Chemist: 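Okay, handing you the structure first.
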Amino acid sequence: MDILIKIIIAIVAVLHLYFLYFEMFAWETTGRKVFKTIPKELFGQTKVMAANQGLYNGFLAAGLIWSFFITDPQWFSNIALFFLGCVTIAGIYGALSLSKKIFFVQAVPALIGIVLVLINR
């Protein structure tokens with residue numbers, strides 16, 4: 001179970017590193033491919049805002065990666081649950097405000113991680 005939990009956390013962390021990449025460095029190329037519902041002319045105008053968003057995604061990834069270095073099982077659970085919870089909330093908000101797809105890409109993997117961590121406690 002521990003390995004499965006770490007795999008799910010790693011998947012969520014890698015997703016957020018990818019979000020960091022395209023929001024901070026490839027907003028007008030990859031970002032346009034990902035967010036097809038946003039008019040093309042807005043990407044240049046929202047580049048700085050997207051980079052800020054990407055930075056926050058990087059913090060989420062950093063927190064999840066940090067959990068791998070925690071040896072105490074209780075603290076590992078606490079930190080993993082906190083950051084998975086943050087990802088879930090961000091995914092729900094994104095689904096409500098931008099695209100329902102965000103729920104499945106961002107929130108669902110985090111929710112799976114939360115369930116597994118809670119079962120493992």
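Fair warning: this is a prediction, and the values are worked out from it, not measured in the lab.
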Chemist: Give, for atom CE of Met49 and atom CD of Glu23, the distance between the pair rounded to the nearest 0.5 Å.
Modeler: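 Answer rounded to 0.5 Å: 9.0 Å.
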Chemist: Are Ile112 and Phe82 connected in the hydrophobic side-chain network, where two residues link if heavy atoms are under 4.5 Å apart?
Modeler: yes
Chemist: What distance separates Ile79 CD1 from Gln74 CD, expressed to the nearest 0.5 Å?
Modeler: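 Spacing of CD1 (Ile79) from CD (Gln74) equals 10.5 Å.
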Chemist: Under the side chain to side chain contact (heavy atoms under 4.5 Å, CB included) rule, what do Leu81 and Arg121 come out as? Steps first, then yes or no, please.
Modeler: CA-CA 11 Å; Leu81 287 171; Arg121 276 187 150 182; 3.7 Å; yes
Chemist: Of Ile70, Ile5, Leu118, Val117, which meets side chain to side chain contact (heavy atoms under 4.5 Å, CB included) against Ser77?
Modeler: Val117
Chemist: Hey, what do you get for CD (Gln106) to NZ (Lys101), rounding to the nearest 0.5 Å?
Modeler: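 Going from CD on Gln106 over to NZ on Lys101, the span is 12.5 Å.
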Chemist: Do the side chains of Thr30 and Tyr21 get nearer than 4.5 Å, heavy atoms only?
Modeler: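 Counting from C-beta outward, Tyr21 and Thr30 do come under 4.5 Å.
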Chemist: Report the C-alpha separation of Phe76 and Asn120 in whole Å, then their side-chain angles, then the decisive distance to 0.1 Å, and conclude whether the side chain to side chain contact (heavy atoms under 4.5 Å, CB included) test is met.
Modeler: CA-CA 11 Å; Phe76 168 80; Asn120 200 43; over 6 Å; no
Chemist: Decide whether Leu55 and Val12 are clustered together by the hydrophobic rule: side chain heavy atoms of Ile, Leu, Val, Met, Phe, Trp, Tyr closer than 4.5 Å, transitively.
Modeler: no
Chemist: Spell out, as yes or no, whether a donor-acceptor pair under 3.5 Å connects the side chain of Asn57 to the backbone of Gln53.
Modeler: yes
Chemist: So, for Ile102 and Gly91, which heavy atoms are closest and what is the spacing to 0.1 Å?
Modeler: CG2-O, 3.6 Å
Chemist: Could you check whether the rings of Phe59 and Tyr56 sit parallel, tilted or perpendicular, using 30° and 60° as the cut-offs?
Modeler: perpendicular
Chemist: Should we say atom NZ of Lys6 is surrounded by more than 12 heavy atoms from elsewhere, each under 6.0 Å from it?
Modeler: yes
Chemist: In Å and rounded to the nearest 0.5 Å, what is the CD1 to CG distance from Ile8 to Leu116?
Modeler: 6.0 Å
Chemist: For residues Pro39 and Phe43, report the shortest heavy-atom separation together with the two atoms involved.
Modeler: O-CD1, 3.6 Å
Chemist: Using the side chain to side chain contact (heavy atoms under 4.5 Å, CB included) rule, take Leu20 and His16 through it: C-alpha gap first, then chi angles, then the decisive distance, then the call.
Modeler: CA-CA 6 Å; Leu20 173 147; His16 281 78; over 6 Å; no
Chemist: Look at the side-chain heavy atoms of Ile, Leu, Val, Met, Phe, Trp and Tyr, link any pair under 4.5 Å apart, and say whether Val14 and Leu4 land in one connected group.
Modeler: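 No; Leu4 is not reachable from Val14 via cluster members.
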Chemist: CE/Met24 to CZ/Phe19 distance, rounded to the nearest 0.5 angstrom?
Modeler: 15.0 Å
Chemist: Taking all atoms of both residues into account, what is the closest heavy-atom pair of Lys36 and Lys33, and its distance?
Modeler: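 Closest heavy-atom pair between Lys36 and Lys33: CE-O, 3.1 Å.
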Chemist: What verdict does the side chain to side chain contact (heavy atoms under 4.5 Å, CB included) test give for Trp27 and Val48, after you've listed the backbone C-alpha separation in whole Å, the side-chain angles of each residue and the deciding distance to 0.1 Å?
Modeler: CA-CA 9 Å; Trp27 182 241; Val48 173; over 6 Å; no
Chemist: Looking only at heavy atoms, which two atoms of Ile9 and Ser67 are closest? And how far apart?
Modeler: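 Scanning both residues completely, I find the closest heavy atoms to be CG2-OG, 4.0 Å.
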Chemist: Hey, is OH on Tyr93 packed in by over 12 heavy atoms from elsewhere, all under 6.0 Å?
Modeler: no
Chemist: Transitively linked via ILVMFWY side-chain contacts under 4.5 Å: Ile7 with Val108?
Modeler: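 Ile7 does not cluster with Val108.
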Chemist: Grouping I, L, V, M, F, W and Y whenever their side-chain heavy atoms are under 4.5 Å apart, do Trp75 and Leu64 come out in a common cluster?
Modeler: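 Yes.
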Chemist: Measuring from atom CG of Leu84 to atom CG of Leu60, what distance do you get when rounded to the nearest 0.5 angstrom?
Modeler: 10.0 Å
Chemist: What heavy-atom pair brings Ala110 and Val87 nearest, and what distance separates the two atoms?
Modeler: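 Looks like CB-CG1, 3.6 Å.
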Chemist: Under 4.5 Å between any side-chain heavy atoms of Phe103 and Leu111, yes or no?
Modeler: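 Phe103 vs Leu111: side chains touch.
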Chemist: Check whether any side-chain heavy atom of Val34 sits under 4.5 Å from a side-chain heavy atom of Tyr18, and report yes or no.
Modeler: yes
